[in-house]
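Just so you know, residue 1 is the first one in the sequence shown, and it goes up from there.
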Amino acid sequence: MLIILLLGCIIIAWIAPGKKWPAAPTAAGSMVMALGIYMQGVWTYASGQAPQSFISRVLILGIVLVWLYLLASYVTSIRLATFYRDHLADPVQRFAVGTWVAGTATLLINLYSSFQIAWLQESIHIMATLNIALWLFYICYAIMGWYRLMIDTSSARVDGTVLLPAVATQSIVLLCHQVFALSLGKGFTRSFIIVGLVCYAIGISIMIWRYYRSTTWNIEAWKITNCIVYGALAISGAAISLTEAWSGQVAYMLWWIVLLLVIFIESVEAAYAIKRIRQHGWRHGVGRYHTAQWTRLFTLGMFYFLTLHTIAPAANPSFTQILHHIVLVVGAWGITLLLIVELGLWLYTSMIGHRLLKEDGE
């Protein structure tokens with residue numbers, strides 16, 4: 001059924017009038033990433049609903065509809081011969097294609113956990129294989145993107161987006177582990193995780209160099225996507241924890257590093273938000289929808305997911321266990337509230353956009 005829906009979506013996108021089909025931003029896959037990791041982490045813990053429960057399945061099918069809508073938009077850009085211009089030409093924007101890889105991986109993991117049906121799981125295996133192929137294609141373009149950024153004398157536009165290759169790579173590790181249940185040995189798994197960490201090291205080096213070279217840096221130069229600095233490490237920690245590539249102590253140490261980064265980066269975000277509210281008010285300061293906002297929901301959700309699957313060693317003081325519990329309880333309410341607000345902004349913006357599109361057609 002999934003393959004039938006996929007093929008139907010591709011056919012519709014191919015024959016649909018291009019002028020009437022809204023073009024999705026390159027980073028729109030972050031919406032699927034955020035919703036998918038919410039279902040795996042916050043939803044499972046806070047609601048107590050199993051992945052196979054009726055309401056969980058309904059919510060996951062809702063994410064499938066979002067994914068199919070985005071797929072139709074991207075396929076339409078291929079039909080109109082604008083795909084390269086829209087998504088790959090810009091050396092920074094092309095990194096956002098990683099949201100498609102990670103978003104698809106997250107969605108397939110949810111589907112595999114919720115629908116224990118033989119033919120559907122076979123379809124998921126096919127989709128997972130295609131996603132791995134997409135990852136290979138993406139990594140090739142990411143390498144070319146890194147090269148262009150390194151030789152480009154102007155690096156002002158560099159932000160956390162350059163870390164998405166690390167996120168995409170670790171999402172493939174989790175996909176292989178949870179969907180294919182591959183047992184290829186710790187050596188292979190460790191090698192794959194290390195590839196993701198190397199991608200992270202390259203991206204963070206480019207970011208540090210950018211900020212080091214910036215002589216006019218101020219808080220306005222801070223980008224929402226910089227939250228990927230801790231999100232990429234969080235998904236790396238989750239890959240280590242779930243695959244048991246290294247001992248639990250390694251994932252636990254990484255959890256502490258991510259926690260410190262969350263505190264620092266979100267403090268900067270809060271300061272930036274306060275400044276914008278003072279200058280532009282609530283509505284225009286923080287009440288406008290932007291695709292990149294889904295990235296923060298994903299990174300916070302990924303940190304929550306890492307916390308959920310990282311157990312503090314018994315030798316550690318009870319303070320650590322209390323801290324874990326606080327993150328899980330407070331994080332569940334906080335991330336859920338942010339998700340509701342973001343969905344509201346997205347729906348409002350979508351309705352305004354469709355209304356304007358309808359008026360233009362008339």
Side-chain angles (χ1 to χ4, degrees), residues 29-67 99 102-115 167 170-171 174-175 177-178 224 227-228 230-242 251-252 254-255 258-259 261-263 265-266 269-270 291-312 320-347:
S30 57
M31 182 177 185
V32 180
M33 291 166 57
L35 294 173
I37 200 61
Y38 179 85
M39 292 301 300
Q40 290 184 55
V42 176
W43 173 258
T44 302
Y45 180 85
S47 69
Q49 296 287 328
Q52 296 82 18
S53 67
F54 174 76
I55 187 169
S56 295
R57 289 180 173 181
V58 170
L59 292 174
I60 291 170
L61 288 177
I63 303 175
V64 171
L65 293 178
V66 174
W67 182 84
T99 62
T104 302
T106 306
L107 175 60
L108 292 176
I109 291 171
N110 275 300
L111 285 169
Y112 192 81
S113 300
S114 296
F115 297 91
V167 175
Q170 306 298 14
S171 73
L174 293 172
L175 179 67
H177 176 73
Q178 295 182 257
I224 297 176
C227 61
I228 304 176
Y230 67 79
L233 279 183
I235 194 172
S236 299
I240 291 171
S241 181
L242 268 66
Y252 174 69
L254 197 56
W255 179 84
V258 175
L259 175 62
L261 286 173
V262 169
I263 295 172
I265 292 175
E266 293 305 323
E269 293 281 1
T291 306
Q293 293 164 351
W294 290 106
T295 304
R296 178 185 288 115
L297 276 170
F298 169 76
T299 55
L300 288 173
M302 198 70 244
F303 172 62
Y304 190 94
F305 182 81
L306 173 62
T307 304
L308 195 61
H309 291 276
T310 302
I311 301 175
T320 303
Q321 298 174 355
I322 295 174
L323 186 58
H324 268 241
H325 181 70
I326 291 174
V327 171
L328 291 177
V329 174
V330 177
W333 285 101
I335 295 173
T336 299
L337 179 60
L338 288 174
L339 178 62
I340 293 173
V341 171
E342 187 65 17
L343 284 172
L345 291 174
W346 173 66
L347 289 173

### Task
Report the C-alpha distance between V32 and V66 in whole Å, list the side-chain angles of each, state the deciding distance to 0.1 Å, and finish with yes or no for side-chain contact (heavy atoms from CB on, under 4.5 Å).
CA-CA 7 Å; V32 180; V66 174; 4.2 Å; yes
Return yes if some donor-acceptor pair links the side-chain N/O of [X] with the main-chain N/O of [Y] below 3.5 Å, else return no.
{"X": "S56", "Y": "Q52", "answer": "no"}
{"X": "T44", "Y": "M39", "answer": "yes"}
{"X": "R57", "Y": "S114", "answer": "yes"}

State, to 0.1 Å, how close [X] and [Y] come at their nearest heavy-atom pair, and which atoms those are.
{"X": "S30", "Y": "T99", "result": "N-CB, 3.5 Å"}
{"X": "A102", "Y": "S171", "result": "CA-OG, 3.5 Å"}
{"X": "Q170", "Y": "S236", "result": "NE2-OG, 3.1 Å"}

### Query
Can R296 and E342 be said to form a salt bridge (Lys or Arg N to Asp or Glu O under 4.0 Å), step by step?
CA-CA 11 Å; R296 178 185 288 115; E342 187 65 17; over 6 Å; no
Distance, nearest 0.5 Å, that separates [atom1] of [X] from [atom2] of [Y]:
{"X": "W43", "Y": "N110", "atom1": "CH2", "atom2": "CG", "answer": "12.0 Å"}
{"X": "L35", "Y": "W294", "atom1": "CG", "atom2": "CH2", "answer": "5.0 Å"}
{"X": "Q49", "Y": "L59", "atom1": "CD", "atom2": "CG", "answer": "9.0 Å"}
{"X": "I240", "Y": "I235", "atom1": "CD1", "atom2": "CD1", "answer": "11.5 Å"}
{"X": "T104", "Y": "I109", "atom1": "OG1", "atom2": "CD1", "answer": "11.0 Å"}
{"X": "T310", "Y": "L254", "atom1": "OG1", "atom2": "CG", "answer": "8.0 Å"}

### Message
List the residues meeting ring-ring contact (aromatic ring centres under 6.0 Å, His included) with F305, not counting sequence neighbours, and say none if there are none.
### Response
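By the ring-ring contact (aromatic ring centres under 6.0 Å, His included) rule, F305 matches H309.
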### Message
Assess the residue pair L259 and F303 against the criterion (side-chain contact (heavy atoms from CB on, under 4.5 Å)); give the C-alpha distance rounded to whole Å, side-chain angles, the decisive distance to 0.1 Å, and a yes or no.
### Response
CA-CA 8 Å; L259 175 62; F303 172 62; 3.7 Å; yes
Within-4.5 Å side-chain heavy-atom neighbours: [X] and [Y]:
{"X": "Y38", "Y": "L297", "answer": "no"}
{"X": "C227", "Y": "E266", "answer": "yes"}
{"X": "F115", "Y": "L61", "answer": "yes"}

### Message
As a quick check of understanding, evaluate side-chain contact (heavy atoms from CB on, under 4.5 Å) for M302 and V167, giving each step before the final call.
### Response
CA-CA 10 Å; M302 198 70 244; V167 175; over 6 Å; no
### Task
Just jot down the side-chain hydrogen bond (donor to acceptor under 3.5 Å, both in side chains) partners of Y304, sequence neighbours excluded, or say none.
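Scan of Y304 (side-chain hydrogen bond (donor to acceptor under 3.5 Å, both in side chains), adjacent residues dropped) gives none.
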#### Entry: Chi angles and distances behind the side-chain contact (heavy atoms from CB on, under 4.5 Å) call for Y45, V329
CA-CA 9 Å; Y45 180 85; V329 174; 4.1 Å; yes
### Query
Hey, what's the ring geometry for H324 with Y252, parallel, tilted or perpendicular (30° and 60° as the breaks)?
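H324 vs Y252 ring planes: parallel.
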